[in-house]
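Working notes, structure below.
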Amino acid sequence: MSEEIVRIAAKGDGLTTGGRHVAGAVPGDRVAEDGTITPGPHHVDPPCRHFPQCGGCQLQQADEAALAQFVSDRVAFAAESQGLVPGKIAAPHLSPPRTRRRATLHARRMGKKVVIGFREGGSHRIVDMAECHILAPELFALVDPLRKLLAHWDGKLAADIQLTRIASGIAAEIKGIAPDSLQQTEALLDLAREQSLARLSIDEGFGAEPVWEPRPAQVVLGGVPVSFPHRAFLQPTEDGEAALLRAAKDWCPDQGVIADLFSGLGTFAFALAGPAKVLAAEADRAAHLACQAAARQAGVPVHALHRDLFRDPLTADEISRFDCIVLDPPRAGARSQVNMIAQSTASRVVYISCNPQSWARDARRLADAGFRLEELRPVGQFRWSTHVELASLFIR
């Protein structure tokens, strides 16, 4: 006797009507008692040779419809878990293959060979990357040159490589190596020059230091050039960023004063400014200074505020001065700041989240304070992953 898979659970397993979790199954599959999966109409052949060993993806066996349903379900179930009923749930946005513009890869020496790639799921073992269907082609093109560079690195090798596509090219940061000879330094410079990198930095354990940056590394946010500090946050895909910005623009007023909390470099602030005035509050000093300098140079109505909103949230009185509140907090959510919003007279909140669970907890607090969840927009920027994001509108 077999059971049918009815949905994909939060960690990527298929879930049967009887509550059984089955790895690798998708809705429409049937699972026998011995675990054998009979593929259904939504089960497809994974495009990548490294699946399912590589931890970069969990759902390559799901077709587009199953992926979209998973992203929607994650967001809808998070709201439901707190008794929240959205006025509207929009169709999900899914980022296409090969559009990820930032990633952290790992490199290790295995005998005489250097392996570079993502780790296996739940393991420190690295899958040596020969192809990748999520990375932007410009990022994947650096894997082989980096492998050749590190193959000649003396001694034990254990490095993390952060790659980010920005407006001026690729910013690469390698943590865990220390050039101790002229030959190694020259090899790094040759790589940067040959690959036309925007910046190449080395972190020996004391913070990243650029060894190559022919011109200041920049991103463009809302049409405004912004300096790109080391480890600065960018949305993982350009199309996903556009989907979140579209939600914020649809929901925020064109006039008045807007608070952009946990603003980072100003992704939302610069897109929303003009004629509206925007306060961009951020705890990370480098991101704050980059946002501040860009706003001044461009002459846009963005006021950058350096403030740790976890330890020192805007008070209820401060919040009450704004016509709209935009939040895009880290995965932990924004409990303290949401408590202040709940106690304020604010009537419109746009909450962007990369964690449906922490968002739902904060959303419940807003609902208890009289806000209604007007709309939810699910966003799947991390294609074939269980990582889901969302945009939401609360009105009181």
Enclosure of [X] [atom1] (heavy-atom neighbours >12, cutoff 6.0 Å):
| X | atom1 | answer |
| --- | --- | --- |
| Arg335 | CZ | no |
| Gln297 | CD | no |
| Arg125 | CZ | no |
| Arg331 | CZ | yes |

**Prompt:** Going by the ring pair (Phe, Tyr, Trp, His ring centres under 6.0 Å) test, which pairs reach into residues 368-396, not counting sequence neighbours?
**Reply:** Phe382-His387
Could you tell me if the side chain of [Y] sits less than 4.5 Å from the side chain of [X], heavy atoms only?
| X | Y | result |
| --- | --- | --- |
| Val326 | Cys252 | yes |
| Gln255 | Pro253 | no |
| Phe140 | Arg98 | no |
| Arg7 | Phe77 | yes |
| Arg102 | Phe233 | yes |
| Leu157 | Val114 | yes |
| His43 | Asp63 | no |
| Val350 | Ser392 | no |

**Request:** Applying side chain to side chain contact (heavy atoms under 4.5 Å, CB included), run through Leu188 and Leu200 and close with a yes or a no.
**Result:** CA-CA 8 Å; Leu188 289 169; Leu200 175 61; 4.0 Å; yes
**Request:** Starting from the C-alpha separation in whole Å, work towards a yes-or-no answer on side-chain hydrogen bond (donor to acceptor under 3.5 Å, both in side chains) for Gln381 and Thr237.
**Result:** CA-CA 6 Å; Gln381 293 195 73; Thr237 65; 3.0 Å; yes
**Request:** For Val85 and Leu373, run side chain to side chain contact (heavy atoms under 4.5 Å, CB included): C-alpha distance rounded to whole Å, both residues' side-chain angles, the deciding distance at 0.1 Å, then the answer.
**Result:** CA-CA 7 Å; Val85 180; Leu373 177 54; over 6 Å; no
**Asked** Among Val338, Asn339, Leu327, whose side-chain contact (heavy atoms from CB on, under 4.5 Å) with Asp362 holds?
**Response** Val338
**Sole candidate of Leu244, Ile352, Asp250, Leu390 that passes side-chain contact (heavy atoms from CB on, under 4.5 Å) when paired with Arg377** = Asp250
Taking the side chain from [X] and the backbone from [Y], do they hold a donor-acceptor pair closer than 3.5 Å?
| X | Y | result |
| --- | --- | --- |
| Arg396 | Ala342 | yes |
| Arg109 | Trp153 | yes |
| Glu282 | Gly264 | yes |
| Gln337 | Ala334 | no |
| Ser320 | Ala316 | yes |
| Asp160 | His106 | no |
| Arg348 | Trp251 | yes |
| Gln60 | Cys57 | no |
| Asp260 | Ala269 | yes |
| Ser263 | Ala281 | yes |

**Request:** Evaluate the criterion salt bridge (Lys or Arg N to Asp or Glu O under 4.0 Å) for residue pair Glu3 and Arg30; output intermediate values, then yes/no.
**Result:** CA-CA 5 Å; Glu3 291 184 279; Arg30 298 200 69 86; over 6 Å; no
As an exercise, state the distance from [atom1] of [X] to [atom2] of [Y], rounded to the nearest 0.5 Å.
| X | Y | atom1 | atom2 | result |
| --- | --- | --- | --- | --- |
| Ser347 | Ile341 | OG | CD1 | 12.0 Å |
| Leu139 | Thr164 | CG | OG1 | 7.0 Å |
| Leu67 | Gln61 | CG | CD | 8.5 Å |

**Message:** Between His230 and Asp203, is the side-chain hydrogen bond (donor to acceptor under 3.5 Å, both in side chains) condition met? List the steps.
**Reply:** CA-CA 10 Å; His230 290 99; Asp203 185 347; over 6 Å; no
Are any of the side-chain nitrogens in [X] or [Y] under 4.0 Å away from the carboxylate oxygens of its partner?
| X | Y | value |
| --- | --- | --- |
| Asp312 | Arg307 | yes |
| Arg246 | Glu241 | no |
| Lys175 | Glu173 | no |
| Lys249 | Asp254 | no |
| Arg231 | Asp284 | no |
| Arg215 | Glu213 | no |

**Prompt:** Cut-off 3.5 Å, side chains only: do Ser72 and Gln69 have a donor facing an acceptor?
**Reply:** no
**Prompt:** Gln53 and Glu120: side-chain donor and acceptor closer than 3.5 Å?
**Reply:** no
**Message:** To check you understand the geometry: which heavy-atom pair defines the closest contact between Pro27 and Ile8, and what is its length?
**Reply:** CD-CG1, 3.6 Å
**Message:** Can you give me the closest heavy-atom contact between Ile177 and Ile202, atom names plus distance?
**Reply:** O-CG2, 3.2 Å
**Complete:** salt bridge (Lys or Arg N to Asp or Glu O under 4.0 Å) filter on Asp368, not counting sequence neighbours, yields Arg364
**Asked** Taking only residues two or more places apart in sequence or in another chain, which ones pass salt bridge (Lys or Arg N to Asp or Glu O under 4.0 Å) with Glu204?
**Response** none
**Asked** Would Asp34 and Thr36 satisfy side-chain hydrogen bond (donor to acceptor under 3.5 Å, both in side chains), going step by step from the backbone distance to the final call?
**Response** CA-CA 6 Å; Asp34 65 358; Thr36 302; 2.9 Å; yes
**Prompt:** Is the distance between the ring centroids of Phe262 and Phe310 less than 6.0 Å?
**Reply:** yes
**Request:** Check the pair Trp212, Arg199 against side chain to side chain contact (heavy atoms under 4.5 Å, CB included), reporting the backbone distance first and the verdict last.
**Result:** CA-CA 5 Å; Trp212 170 269; Arg199 181 171 66 205; 5.8 Å; no
